[in-house]
Each structure stands twice: as C-alpha cells, then as structure tokens.
2 protein chains.
Amino acid sequence: MDLPTTVSTRDFPVTEVTSSLERLTRLVLRLTTQGELSLTSAATLATLSRSGPSRLTDLAAHEGVTQPAMTQLVSRLQEAGLVARAGDPDDRRVVRVHITEAGEAALAARRRARADALTRLLGRLGEAERAALVAALPAIDSLTRLLSDERPATQHAL
Amino acid sequence: MDLPTTVSTRDFPVTEVTSSLERLTRLVLRLTTQGELSLTSAATLATLSRSGPSRLTDLAAHEGVTQPAMTQLVSRLQEAGLVARAGDPDDRRVVRVHITEAGEAALAARRRARADALTRLLGRLGEAERAALVAALPAIDSLTRLLSDERPATQHAL
DNA sequence: GGTAAATCCATAAGCAACTTATATCAGCGC
DNA sequence: GCGCTGATATAAGTTGCTTATGGATTTACC
C-alpha cells in the first residue's frame with residue numbers, strides 16, 4: 001500500500017476525520033454501556049493497577065473528572081469490591097485508594113473480552129487496513145496527548 | 001514512512017489498539033460535553049440535514065437509541081428551536097421531524113468549530129503522523145461498519 | 001504556638017441522557 | 001366495529017457527571 005508522501009494541513013480532510021472519529025466514538029460508547037464497567041471505571045482501575053495506591057484527588061485529575069465525581073466512582077467501585085480505601089498515616093486528610101484482587105480480575109476479564117472481540121473484528125479487515133491501523137496508532141496517541149494537554153486551558157470543540 | 005507489509009491478526013497489537021481507542025473515545029467525549037450539542041444530538045441533526053424530514057422511529061433506529069429516548073431528544077431540540085415536529089397528513093400516527101434554519105446554522109457552527117480545532121491540532125503533528133491518520137481512515141470506517149453490523153446480534157465488548 | 005489560609009475528601013442537589021414499562025391514539029383486517 | 005398492530009408519548013428509575021458547600025486536617029505566618 002502506498003501513502004501520500006506529504007499531507008499538509010491545508011488539504012487534510014478535516015471534516016472526514018472529525019466525522020469518522022465521532023462515529024467511532026459513539027459506537028465504542030454504545031458498546032461499552034451494556035452493563036459492564038464504564039469507560040471511566042475501567043480507566044481508573046487500570047490506573048490503580050499500573051500506578052499502585054493513589055489519592056482521590058490525583059485519580060480525579062488523572063481521569064479528567066471532578067473530585068466529587070471520583071469520590072462517587074470510588075464509592076461505587078468499593079461497593080462492588082473492586083477497590084478499597086485506606087487512610088494515609090502521614091496525612092490524615094488523604095484517602096489512599098487501591099485495587100483489590102477482584103478488581104484486578106475484573107480488569108483482566110474486561111481486557112480479555114475486548115481483545116477477543118477486537119481480534120475477531122480485525123480478522124475481517126483486509127491486510128492493508130490492519131497495517132494502516134497499526135501505522136496510525138502513534139498518530140492517534142499524539143492526538144490524544146495534544147488534546148489532553150490543551151483541554152484545561154482553552155475549552156474547544158473536539 | 002514505511003509500513004509493515006503484512007500484519008497478521010496473530011501479531012497485531014490488540015491491547016494497544018484497544019487502549020488507544022478508549023483513550024481517544026474518552027477524550028472526544030469529554031471535549032464534547034462542554035455545554036454544546038451532545039454527540040447524539042449532533043448526529044441526529046446531521047441525519048435530518050442529510051436525509052430530510054424523518055419519522056421518530058426511523059431516527060431512533062438510525063442513531064441506535066430507543067424510541068422514548070428519541071422522543072425526548074427531539075423535544076429538547078424542539079425547545080431549542082433546532083427541529084420542528086409536523087404531523088403526517090397520510091398517516092396521522094406519525095410525526096415527521098425536520099430541521100429548522102436555526103438547526104442548520106447550529107450544525108454548521110459546530111462543524112466549523114470542530115474543523116478549526118482539529119486543524120489546529122493537526123498542525124502540531126508531524127507530516128508522517130498526518131499521513132498515517134489519513135491512511136487509517138478507511139480502516140476506521142470499516143471498523144465502524146463492522147461494529148454497527150454486529151452490535152444488534154451479539155452484545156460484545158468494544 | 002495559635003489562628004488563618006489552604007488542602008483533601010464527602011455530601012447535597014441538580015441535570016443530561018439514557019433505560020424499561022406502559023398508556024394513547026390512529027389505521028386496518030376481518 | 002372489534003381487536004390487533006404500529007407510532008408516539010409519558011412515567012419512573014439509573015448512571016455518571018456537574019457546582020456548591022461543609023468538615024477535618026495540615027501548613028504557614030506572625
């Protein structure tokens with residue numbers, strides 16, 4: 001497969017990218033909403049699994065939600081037995097949240113389910129499309145990074 | 001830039017694709033929630049603009065939400081003056097929803113804002129990344145199509 | 001070292017955007 | 001003209017956020 005060797009910002013199909021991204025977003029969203037872990041729940045569990053026990057405020061900042069939202073999310077996860085709260089002996093204001101074994105298991109199960117589903121789908125794409133997808137991953141991650149950097153400052157669409 | 005010439009399903013980095021897609025989804029979502037049109041609202045307006053007046057049930061099916069959800073969404077959009085309801089003279093059970101001029105304007109404004117924001121972001125990617133993104137668009141659209149085809153049948157993750 | 005300010009978390013109230021279950025009303029077959 | 005189906009509406013409940021505020025504890029300043 002060949003790519004255009006240069007794609008300037010001028011002739012970039014901005015509208016197409018936007019609508020493709022939105023369609024994809026809505027699908028991922030709808031598929032996620034089927035009674036399993038929400039996107040934010042899963043992301044929070046993943047963060048806890050990767051970074052270890054964290055304070056509520058840090059989690060909220062990391063996942064891009066307000067602190068009350070994270071308090072509620074942690075409460076829900078705690079009720080489900082997926083995380084636990086513990087006081088910090090050094091600073092008794094802070095709550096340290098850590099993932100439980102059940103939480104790790106739920107995270108692993110979710111990852112497995114998603115990987116399976118995606119693998120099945122990918123099998124139905126052509127070679128070229130798979131390759132294109134892999135090649136675009138760095139760009140997608142760059143976009144994500146740019147977006148999350150810009151977000152707090154200027155509130156802009158997309 | 002060179003791509004791997006073959007990427008089999010076996011060695012495809014499924015986990016990376018999944019997490020990249022989810023990060024991107026959460027960002028698009030959060031950026032969308034800032035008081036403008038919701039994703040579904042915008043999609044509905046776009047459908048109305050493209051396909052003309054439609055019945056509620058058809059709209060609901062097209063956007064993948066339940067009929068009551070669409071009734072409520074249309075009511076909200078109507079209150080905002082972006083759509084209007086009209087009875088069908090031939091079949092007085094049906095309501096035909098059509099977009100208003102204000103609706104078209106809102107849709108255009110949203111598109112412009114998103115295109116601008118995206119253009120700005122894309123300017124900060126490298127040439128290679130932009131090219132990779134363009135090249136991946138067909139694959140992303142194929143994925144979207146596969147997902148929306150499969151969804152009603154098997155309720156699966158991602 | 002005692003009060004003021006700042007920081008961390010929780011609670012309250014409200015909202016958006018869904019869901020399921022049910023009601024209403026129009027058309028249609030027999 | 002009765003009953004079924006089909007199109008929409010209404011009701012009630014849920015999830016996952018939001019802003020505003022309060023209580024507890026640490027930090028900083030005089």
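Numbered from 1 within each chain, the chains take letters A, B, ... in sequence-line order.
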Practice problem: Please check if the side chain of B/R130 supplies one atom and the backbone of B/L125 the other of a donor-acceptor pair under 3.5 Å. | Solution: yes
Quiz item: Between C/dC9, D/dC17, D/dT8, which one does the side chain of A/T40 approach most closely?
Solution: D/dC17
Quiz item: Between C/dA10, D/dT8, C/dC18, which one does the side chain of B/A69 approach most closely?
Solution: C/dC18
Quiz prompt | Atom-pair distance (CZ on A/R76; P on D/dC17), nearest Å | solution = 6 Å
Quiz item: What's the closest nucleotide to the B/R55 side chain, out of C/dC9, D/dA7, D/dA11?
Solution: D/dA7
Practice problem: Provide, to the nearest angstrom, the distance between the CG atom belonging to B/D58 and the C1' atom belonging to D/dT8. | Solution: 13 Å
Quiz item: Which nucleotide sits closest to the side chain of A/L56: C/dC9, D/dT8, C/dA17?
Solution: C/dC9
Quiz item: Any side-chain N or O of B/T71 less than 4.0 Å from the OP1 or OP2 oxygen of D/dA9?
Solution: yes
Quiz item: On DNA chain C, nearest-nucleotide positions of A/S75 versus A/D91: which is more 5'?
Solution: A/D91
Self-check item: Residues B/R76, B/E79: salt bridge by 4.0 Å N-O rule
Solution: no
Quiz item: What is the distance from CG of A/L29 to P of D/dC17, rounded to the nearest Å?
Solution: 11 Å
Practice problem: Figure out the CD/P separation between A/E79 and D/dG16, and round it to whole Å. | Solution: 12 Å
Self-check item: Distance, rounded to the nearest Å, where A/D90 contributes CG and C/dT7 contributes C1'
Solution: 16 Å
Quiz item: Separation of B/M70 atom CE from D/dT10 atom P, in whole Å?
Solution: 16 Å
Practice problem: Starting at atom CG of B/L59, determine the distance to atom P of D/dA7, rounded to an integer number of angstrom. | Solution: 13 Å
Quiz item: Looking at the side chain of B/R93, which of D/dG16, D/dT5, C/dC9 is the nearest nucleotide?
Solution: D/dT5
Self-check item: Nearest-neighbour nucleotide for the B/R92 side chain, D/dT8, C/dG27, C/dA10 considered
Solution: C/dG27
Practice problem: State which of D/dA24, C/dC18, D/dA11 makes the closest approach to the side chain of B/V65. | Solution: C/dC18
Quiz item: Between B/R85 and A/S41, which is nearer to the 5' end of DNA chain D once each is assigned its nearest nucleotide?
Solution: B/R85
Quiz prompt | Out of D/dG6, D/dT8, D/dC17, whichever nucleotide has its closest atom nearest the side chain of A/Q72 | solution = D/dC17
Quiz item: Quick one: does B/Q67 reach the base of D/dA7 with a side-chain donor-acceptor pair under 3.5 Å?
Solution: no
Self-check item: Whole-Å gap separating P (D/dT10) and CG (B/L73)
Solution: 15 Å
Exercise. Start with the C-alpha distance between B/S75 and B/R85, add both sets of side-chain angles, then the distance that settles side chain to side chain donor-acceptor pair (under 3.5 Å), and finish with yes or no.
Key: CA-CA 9 Å; B/S75 298; B/R85 281 176 163 96; 3.3 Å; yes
Quiz prompt | Relative orientation of the end axes in the helix from C/dG1-D/dC30 to C/dC30-D/dG1, expressed as an angle to the nearest 10° (five pairs per end) | solution = 10°
Self-check item: B/T66 side-chain proximity, nearest of C/dT19, C/dC9, D/dT8
Solution: C/dT19
